[in-house]
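For the single chain, residues carry numbers from 1 onward in sequence order. Just so it is clear, the structure is predicted and the values come from calculations on it, not from any experiment.
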Amino acid sequence: MGHTATPEAYSSGLTATEHRLANGLRVVLSEDHLTPVAAVCLWYDVGSRHEVKGRTGLAHLFEHLMFQGSASVKGNGHFELVQGAGGSLNGTTSFERTNYFETMPAHQVELALWLEADRMGSLLTALDQESLDNQRDVVKNERRQRYDNVPYGTAFERLTALAYPEGHPYHHTPIGSMADLDAASLEDARAFFRTYYAPGNAVLAVVGDIDPEQTLAWIEKYFGTIPAHDGKPAPRDGSLPDVVGGQLREVIEEDVPSRALMAAYRLPSDGTREGDAADLALTVLGGGESSRLHNRLVRRDRTAVTAGFGLLRLAGAPSLGWLDVKASSGVELTDIESAVDEELARFAEHGPTPEEMERAQAQLEREWLDRLATVNGRADELCRFAVLFGDPQLALTAVQRVLSVTPEEVKAVAAARLRPDNRAVLVYEPTGGDQAEAGAEGAAGDGATDAAEGTEQEESEA
């Protein structure tokens, strides 16, 4: 087992050590005795971008199947054991990864490690047609509840399909289609697990009140005997031109509370300086009630009840800037769209003011600190940077890169990317009579903004 230790990072004394088992499993440990809890986080380098046409939704389906028993843990036992020990747990799926996590009392870390190792090494012994059919129905019902039967529920899926062309690995969202879920066979599921749920395709982070030497011994004991597997195909190329080259538009007539304008702008990939500049630009333009779009559309013009602009960070494809505006009653969306374009053009010409730049950097710094302040948030960030960028240490210094971005760089990325010819647009027109005015709180949590919120957007929970 190899081991490398790293010097203290620029993050209030937080450190992490890296290790690798002989079977390829990467391990990251971060010791923190502030509170008697610890987080176990396991990221697999598999998401919807790894799926092929006709078999979408398998990554998300497996997120559910991983809680349905393994060789030593039957049925719902994983939940029962963790919660019975005073812990919490869940899993999520995105375009680029699937993760599983437990937050435990410090003296129960060994239990969480054993549970994760048992299902990584032996899930196929418990996977049968009954459990596959059962969880397939659960996922299909989740799709109905979160996508098909809620206002603006399919906005994220529609915008993704518009923004990424047919055949692109990000063209479909992690939830998958009903038809593909029905078509998935037991052998499809088993082959998917053998390919992607291998030690060499995973990163395990343990953060909190731990003894690193003892924790590493447990990891070697429980994970070290799992056979290596290196049959994973390379992910398909997700690169695209910087600019779409023309506006893509879809008009949707549905029973929704109010008219809505949603758009996805093609932006630089995550992990780049330009990506950080884009994040700052969107924070100034649409990150909260002090943003330019909120001030223009909601406060001044009163043409909208909500106006937000957020970044869907993606490492293997262009990121997307998500605009979500819910119109006030009786307002035409053409007026809102003109105002949005006017504000974006002004920003592209002049860039952020010093006050806006300071506020945006402070907002992103606070969000970074919030993530690292909890053991589960820090474990997730360490896994993220290890899986997507090859180096977990980058998680501890991410804010330094954001704070080093200049106003000129923010202005440049806005001028190059936040243009009418570089976006996909959804226009929602309510059906069934007079338009009902959407309340600010009711509209704010709907549609693409909610789905794309944060650094890992479009997550489906088990």
Side-chain angles (χ1 to χ4, degrees), residues 24-26 41-66 91-100 119-120 123-124 127 132 135-136 139 142-143 156-157 160-161 163-204 228-240 269-271 312-320 380 383-390 451-452 455-462:
L25 178 68
R26 294 183 68 185
C41 183
L42 188 60
W43 272 45
Y44 290 92
D45 186 10
V46 58
S48 58
R49 71 167 174 157
H50 298 89
E51 299 164 349
V52 297
K53 187 175 182 179
R55 289 297 180 269
T56 66
L58 280 174
H60 179 216
L61 179 60
F62 255 100
E63 175 208 314
H64 288 258
L65 289 170
M66 285 282 276
T92 68
T93 311
S94 78
F95 289 101
E96 299 182 320
R97 62 95 185 101
T98 307
N99 71 339
Y100 303 90
R119 58 183 178 182
M120 177 191 282
L123 185 85
L124 290 185
L127 179 59
L132 175 64
Q135 291 309 300
R136 176 165 35 208
V139 172
E142 179 182 332
R143 180 187 169 86
F156 182 73
E157 189 174 43
T160 300
Y164 299 113
E166 182 75 37
H168 191 275
Y170 292 70
H171 179 71
H172 69 279
T173 58
I175 195 70
S177 74
M178 290 286 199
D180 288 356
L181 288 170
D182 284 335
S185 68
L186 183 59
E187 186 47 45
D188 289 332
R190 287 172 172 165
F192 192 87
F193 182 87
R194 285 191 293 266
T195 300
Y196 294 107
Y197 278 76
N201 198 46
V203 172
L204 172 67
H229 179 73
D230 59 359
K232 174 186 172 182
R236 290 175 292 147
D237 182 20
S239 61
L240 288 170
S269 299
D270 194 14
L312 171 57
R313 286 181 174 264
L314 296 170
S319 299
L320 294 179
D380 195 60
C383 282
R384 172 179 169 243
F385 279 92
V387 169
L388 299 181
F389 307 110
T455 56
E456 289 300 338
Q457 340 18 237
E458 194 0 49
E459 297 183 347
S460 300
E461 294 190 352

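- Ring planes of H168 and Y164: parallel class, angle under 30° (limits at 30 and 60°).
- Between the R236 side chain and the G167 main chain, a donor and an acceptor come within less than 3.5 Å of each other.
- Atom CG of residue L61 and atom OG1 of residue T93 lie 9.5 Å apart, to the nearest 0.5 angstrom.
- The residue from H60, R97, E63 that alone fulfils the side chain to side chain donor-acceptor pair (under 3.5 Å) condition with T92 is R97.
- Across every non-hydrogen atom of C383 and L204, the tightest pair is SG-C, 4.5 Å.
- Distance check, rounded to the nearest 0.5 Å: OG1 of T56 to CD1 of I175 gives 10.0 Å.
- Contact between A317 and S269 at its shortest, heavy atoms only, is O-OG, 3.0 Å.
- Contact between D270 and S319 at its shortest, heavy atoms only, is N-OG, 3.4 Å.
- The salt bridge (Lys or Arg N to Asp or Glu O under 4.0 Å) search around E51 returns none, not counting sequence neighbours.
- Judged by distance alone, the side chain of H171 and the main-chain N or O of A161 form a donor-acceptor pair under 3.5 Å.
- H50 contributes no side-chain N or O that, together with a main-chain N or O of P235, makes up a donor-acceptor pair within less than 3.5 Å.
- Atom-to-atom distance recorded for R55:CZ and S185:OG is 6.0 Å, nearest 0.5 angstrom.
- Formation of a donor-acceptor pair under 3.5 Å by the R136 side chain with backbone atoms of A184 is found in this model.
- By the neighbour-count criterion of 12 heavy atoms within 6.0 Å, atom CG of D230 is sparsely surrounded, having that number or fewer from other residues, nucleotides or ligands.
- Taking both residues in full, the closest heavy atoms of M120 and A202 are given as CE-CB, 4.0 Å, listed atom of the first, atom of the second, then distance.
- The shortest heavy-atom contact between P318 and G238 is CD-O, 3.4 Å.
- Here D237 pairs with S239 under the side-chain contact (heavy atoms from CB on, under 4.5 Å) rule; sequence neighbours left out.
- Side-chain contact between P165 and L240: present, with at least one pair of heavy atoms (C-beta onward) separated by less than 4.5 Å.
- In this structure, the side chains of T173 and F95 come closer than 4.5 Å at one or more pairs of heavy atoms.
- Between L127 and L65 the shortest side-chain heavy-atom distance falls below 4.5 Å.
- Residues V203 and L42 form no side-chain contact, since every pair of their non-hydrogen atoms from C-beta on lies 4.5 Å or further apart.
- Between the SG atom in C41 and the CZ atom in R384 there is a gap of 12.5 Å [rounded to 0.5 Å].
- Among Y196, Y197, Y44, the single residue meeting the ring-ring contact (aromatic ring centres under 6.0 Å, His included) criterion with F62 is Y197.
- Counting heavy atoms from C-beta on, the side chains of T195 and P233 come closer than 4.5 Å.
- Nearest approach of T160 to Y170, heavy atoms of both residues: CG2-O, 2.9 Å.
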(message) For S177 and H172: C-alpha separation, side-chain torsions, deciding distance, then whether side chain to side chain contact (heavy atoms under 4.5 Å, CB included) applies.
(response) CA-CA 9 Å; S177 74; H172 69 279; over 6 Å; no
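- Inspection of the E142 and H64 side chains reveals an N or O donor paired with an N or O acceptor under 3.5 Å.
- With contacts defined as side-chain heavy-atom distances shorter than 4.5 Å, the pair F156/L312 qualifies.
- Relative to the ring axis of Y100, R119 places its NZ or CZ within 45° and under 6.0 Å from the centre.
- In summary, R313 and E96 do not engage in a salt bridge, as defined by a charged side-chain N under 4.0 Å from a carboxylate O.
- A salt bridge links K232 and D45; the closest N-O separation between the charged side-chain nitrogens and carboxylate oxygens is under 4.0 Å.
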